[in-house]
Amino acid sequence: MAGTFSLSIVSPEGDVLKEEVEFVVLPGGAGELGILPNHAPLIAGLDIGVLRYTLDGVINRVAIAGGFVEVVDNSAIVLADTAELSQDIDLARAVEAKERATKRLASGTNEIDLRRAEFALRRASARIDASEVKK
Ligand code: ATP
């Protein structure tokens with residue numbers, strides 16, 4: 001058996017998840033980051049995206065919007081700017097946020113607004129991807 005390790009996800013809102021898991025894939029700043037039990041110590045920045053963790057062979061999804069992960073002593077601690085478990089995602093809100101951001105991008109205002117809209121679009125897309133409603 002491959003074994004397990006502890007995964008904790010914390011956001012400014014509080015504790016989001018603490019579970020013994022088999023495998024985690026994170027949206028790292030330099031691409032996807034896979035963590036198995038007994039991984040070497042690591043600190044990495046995170047991008048906007050979907051974190052996937054495997055528990056009893058089932059893949060679960062969490063939308064995150066940047067932050068850091070620290071892996072040490074067979075535990076992974078994710079400090080996320082925002083984090084929502086798939087079942088906690090309001091899909092309609094994310095779809096509306098995506099539409100708003102898409103319109104703002106198309107209307108081509110100033111550079112700061114465009115960058116803000118681009119990040120809002122990426123956050124909304126990650127939430128839609130992670131939502132359990134959408135398969
Ligand atoms: P919106 O425009 O819908 O507020 P946003 O990307 O600007 O989206 P954030 O600033 O990233 O929102 O998040 C603000 C708070 O709302 C965070 O606590 C985040 O977890 C939560 N949140 C944002 N969108 C959703 C969603 N679709 N479902 C559940 N929680 C959400």
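Note that ligands are numbered from 1 as they come in the structure, with each ligand's atoms numbered from 1 the same way.
- No more than 12 heavy atoms of other residues, nucleotides or ligands lie within 6.0 Å of CG in Asp73, so this atom counts as exposed by the packing criterion.
- A donor-acceptor distance shorter than 3.5 angstrom exists from the side chain of Arg61 to the backbone of Asp129, with no hydrogens or angles considered.
- Looking at Thr82, Ile64, Val16, Asp88 and measuring to atom 29 (C) of ligand 1, the nearest heavy atom belongs to Asp88.
- Looking only at heavy atoms of the protein, atom 4 (O) of ligand 1 is closest to Arg93 NH2, 2.9 Å.
- In this structure, atom 7 (O) of ligand 1 lies nearest to the protein heavy atom Arg123 NH2, 3.4 Å.
- Of the protein's heavy atoms, at least one falls inside 4.0 Å of atom 1 (P) of ligand 1.
- Scanning Glu13, Lys98, Arg116 for the heavy atom closest to atom 18 (O) of ligand 1 points to Glu13.
- Judged purely by atom type and a 3.5 angstrom limit, Asn38 has no side-chain atom pairing as donor or acceptor with the backbone of Leu36.
- In terms of protein heavy atoms, atom 13 (O) of ligand 1 is closest to Arg127 NH2, 3.8 Å.
- Of the possible polar contacts, none joining the Ser131 side chain to the Arg127 backbone as a donor-acceptor pair under 3.5 Å is found.
- Annotation: side chain of Ser86 is not in contact with side chain of Asn60 (no heavy-atom distance under 4.5 Å).
- When atom types are taken as modelled, the side chain of Asp81 and the backbone of Pro12 share no donor-acceptor pair closer than 3.5 angstrom.
- A donor-acceptor pair under 3.5 Å is formed between the side chain of Glu22 and the backbone N or O of Gly57.
- Contact analysis puts Arg100 in contact with ligand 1, with a non-hydrogen atom separation below 4.0 angstrom.
- Around atom 19 (C) of ligand 1, the closest heavy atom drawn from Arg122, Glu84, Glu96 belongs to Glu84.
- The single protein non-hydrogen atom nearest to atom 27 (N) of ligand 1 is Asp90 O, 3.0 Å, given as residue, atom name and distance.
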